[in-house]
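Working notes for the structure below.
Quick note on labels: first sequence line is chain A, next is B, and so on, each numbered from 1. The figures here come from the full heavy-atom set of this structure, side chains too, leaving out hydrogens, waters and symmetry mates.
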Protein chains: 2
Amino acid sequence: MPTAASSQTALPLRERKKRRTREDLIETALRLFDENGFAATTLDELCDAVGVSKRTFFRYFTSKEDVAAAPSQDLWTTFLDQLRTTDPTDRTVIALLHEALLAALAEMPAANWPTRVLLTRRLASETPSMKAHDLYFCHRTTKTALNLLHTRLVLTPQDDLRVHLALDLLLSAFHLAQEAWAAQPTTPTKNDLITHIATVFEAVPQSLTVKAIARP
Amino acid sequence: MPTAASSQTALPLRERKKRRTREDLIETALRLFDENGFAATTLDELCDAVGVSKRTFFRYFTSKEDVAAAPSQDLWTTFLDQLRTTDPTDRTVIALLHEALLAALAEMPAANWPTRVLLTRRLASETPSMKAHDLYFCHRTTKTALNLLHTRLVLTPQDDLRVHLALDLLLSAFHLAQEAWAAQPTTPTKNDLITHIATVFEAVPQSLTVKAIARP
DNA sequence: ACCAAAAGTGCCACTCAGTGGCATAAGCCT
DNA sequence: AGGCTTATGCCACTGAGTGGCACTTTTGGT
């Protein structure tokens with residue numbers, strides 16, 4: 001008698017268990033990091049709280065930073081999936097990237113994703129090693145995306161350079177939008193973030209033409 | 001009787017000693033990392049080789065990654081200095097940044113800087129934690145540069161966004177140029193790097209207009 | 001239903017980066 | 001010279017991350 005509560009019954013038991021421990025680890029980690037700070041929380045504490053050995057933790061995450069960055073990584077993993085499936089015709093590459101990002105955002109659970117990702121962002125802004133980890137992950141994402149686009153699009157060697165720049169620009173724009181999103185006075189929602197992204201994207205062309213005017 | 005060998009005699013003894021230890025640490029670290037690999041080299045080995053206690057090492061560098069990234073950090077520190085002194089009049093911000101970067105490059109010692117920085121780059125490409133450290137440092141540099149430009153230029157809130165994008169673009173362009181530089185068939189010189197930077201900068205406007213053409 | 005292969009977990013001992021605290025030595029100033 | 005400041009060394013300690021192996025759970029075939 002499968003109730004509505006178990007929505008993904010298609011998955012085998014082992015897989016469900018794994019997802020559950022992974023989710024438990026992320027959930028508890030974010031709570032502990034939030035309450036006591038990232039540095040002040042030890043992995044032993046986290047593992048005790050979840051009821052898992054430290055050895056097992058490192059079979060799910062590569063580092064202490066990694067578990068805290070999970071929410072933000074989910075977005076970019078989904079982004080890559082979208083990039084694999086979105087029809088690329090009749091668009092500039094930058095518009096394609098923008099669209100794939102919006103599609104990825106749409107996939108994120110509207111309920112708790114904003115709070116989670118904002119918490120991750122706050123932790124990253126307070127903890128250099130976390131920010132570094134996040135930047136590295138984004139760097140990996142651009143590399144993967146570039147390879148992906150090469151398999152799907154016709155790109156000359158010159159285009160490779162331009163597309164790479166476009167990807168870096170996307171990441172940069174997203175981070176700036178995220179900052180504005182986190183700083184806004186009202187409670188940040190997913191739609192707000194989409195608006196901020198649009199705003200930053202509109203500012204991109206002007207970034208090449210801003211004049212330097214010396215202070216008097 | 002000050003000989004030509006001691007060029008900066010103006011500095012007090014203590015300061016000279018400090019610079020020397022710092023330089024020794026960087027020099028030896030790069031050599032050991034190059035010979036045995038970053039992970040395989042322990043800080044104890046490095047400290048033994050230089051004749052310094054581990055405690056002292058951490059008074060010069062914040063981490064193992066930090067000492068290996070020193071050559072690349074030198075450039076960006078000099079870049080910020082240039083940004084403080086360059087006359088900003090009659091230019092776009094992006095041109096100002098480009099120029100400051102070239103000026104910083106000019107300050108680098110032509111003899112060993114290329115090899116050093118290429119080694120650092122290779123290590124970073126092989127070692128995630130080093131790449132992450134490097135990206136974080138660049139991130140800090142853009143933040144500092146942005147604050148700096150605010151003190152020297154008249155920037156509206158909208159301009160802030162645009163200038164931030166321009167800074168990210170500069171970093172992105174530099175990294176792409178550096179990759180091309182490292183990959184070139186002939187021995188990379190400082191002038192080659194300058195040429196690569198110019199090439200990437202020229203490609204920037206087109207990065208916004210590349211069309212996505214699906215593979216057949 | 002049973003059993004063997006496979007996949008996941010726990011435990012233990014270990015390495016090594018990084019820190020705090022205090023005693024000692026080296027450069028500085030008059 | 002002699003006190004003052006600053007840099008270094010030493011030691012003990014925390015905590016992240018790993019290797020290895022024994023143990024348990026799931027799975028798939030019969």
Side-chain angles (χ1 to χ4, degrees), chain A residues 6 8-26 28-29 32-33 36-70 123 127-134 136, chain B residues 6 8-26 28-29 32-33 36-70 123-124 127-134 136-137:
Chain A
S6 60
Q8 321 109 309
T9 27
L11 293 148
L13 173 62
R14 194 179 265 165
E15 193 61 23
R16 267 181 296 155
K17 273 196 172 180
K18 272 172 66 177
R19 297 214 180 175
R20 189 148 178 280
T21 21
R22 186 187 142 85
E23 204 49 43
D24 280 358
L25 281 168
I26 297 172
T28 315
L32 291 178
F33 293 161
N36 315 331
F38 181 80
T41 310
T42 69
L43 285 183
D44 287 317
E45 283 167 10
L46 169 60
C47 292
D48 277 358
V50 179
V52 149
S53 80
K54 203 170 64 171
R55 201 68 190 77
T56 297
F57 172 88
F58 282 105
R59 289 185 183 107
Y60 283 87
F61 301 98
T62 63
S63 69
K64 191 181 172 185
E65 286 77 23
D66 200 38
V67 64
L123 289 170
T127 314
S129 69
M130 267 204 62
K131 186 71 195 172
H133 182 272
D134 184 53
Y136 180 71
Chain B
S6 60
Q8 321 107 311
T9 27
L11 293 147
L13 173 59
R14 193 184 266 160
E15 193 61 24
R16 267 182 295 156
K17 271 198 171 180
K18 273 173 67 176
R19 298 213 180 177
R20 191 152 174 276
T21 354
R22 187 187 142 84
E23 204 49 43
D24 280 358
L25 281 170
I26 298 172
T28 314
L32 292 178
F33 293 162
N36 316 329
F38 181 81
T41 310
T42 70
L43 286 184
D44 288 318
E45 284 166 10
L46 169 60
C47 292
D48 277 359
V50 179
V52 151
S53 81
K54 203 171 63 170
R55 200 69 190 76
T56 297
F57 172 88
F58 282 104
R59 290 188 183 104
Y60 283 88
F61 301 98
T62 63
S63 68
K64 190 180 172 185
E65 286 77 23
D66 201 38
V67 64
L123 290 170
T127 314
S129 69
M130 267 203 62
K131 185 72 196 171
H133 182 273
D134 183 53
Y136 180 71
F137 182 79

Under 4.0 Å between a side-chain N or O of K54(B) and OP1 or OP2 of dA17(C)?
-> no
Is the distance from OP1 or OP2 of dG17(D) to the nearest side-chain N or O of K64(A) less than 4.0 Å?
-> no
Write down the distance between CZ (R55(B)) and P (dG9(D)), rounded to a whole number of angstrom.
-> 11 Å
Please assess R55(B) against R59(B) for the test side-chain contact (heavy atoms from CB on, under 4.5 Å), listing each intermediate value before the final yes or no.
-> CA-CA 7 Å; R55(B) 200 69 190 76; R59(B) 290 188 183 104; 3.7 Å; yes
Is there a donor-acceptor contact under 3.5 Å from the side chain of T21(A) to the main chain of K18(A)?
-> yes
Rounded to the nearest Å, what distance is computed from the CG atom of residue D48(A) to the P atom of nucleotide dC11(C)?
-> 10 Å
Identify, between T56(A) and A39(B), the residue whose nearest nucleotide on DNA chain C lies closer to the 5' end.
-> T56(A)
Nearest to the side chain of V52(A) - dG10(C), dG9(D), dA7(C)?
-> dG10(C)
Heavy-atom side-chain contact between K64(A) and F33(A) under 4.5 Å | yes
OP1, OP2 of dG8(C) versus side-chain N and O of K17(A): anything below 4.0 Å?
-> no
Specify the separation, in whole Å, of atom CZ of F57(A) and atom C1' of dG8(C).
-> 17 Å
Whole-Å distance, D66(B) CG to dA17(C) P, equals 14 Å
Which part of the nucleic acid, if any, lies within contact of S129(A), taking any heavy atom under 4.0 Å across all strands shown: a base, the sugar-phosphate backbone alone, or nothing?
-> nothing
Nucleotide dT9(C), atom P - distance to CZ of R22(A) in whole Å | 13 Å
Separation of dG21(C) atom C1' from R59(B) atom CZ, nearest Å, is 10 Å
How many Å lie between NZ on K18(B) and P on dT5(D), as a whole number?
-> 17 Å
Measure the shortest side-chain to side-chain distance between E15(A) and R19(A) over non-hydrogen atoms and say whether it is less than 4.5 angstrom.
-> yes
Residue met sooner reading DNA chain D from 5', once F58(A) and T21(B) are mapped to nucleotides = T21(B)
Tell me: CG of D24(B) to C1' of dT8(D), nearest whole Å?
-> 15 Å
Any N or O donor-acceptor pair linking the side chain of R16(B) to the base of dG27(C) at under 3.5 Å?
-> no
Under 4.0 angstrom, heavy atoms only, what part of the nucleic acid is Y60(B) near: base, sugar-phosphate, or nothing?
-> sugar-phosphate
Minimum side-chain heavy-atom gap Y60(A)-V67(A) below 4.5 Å = no
OP1, OP2 of dG10(C) versus side-chain N and O of S53(A): anything below 4.0 Å?
-> yes
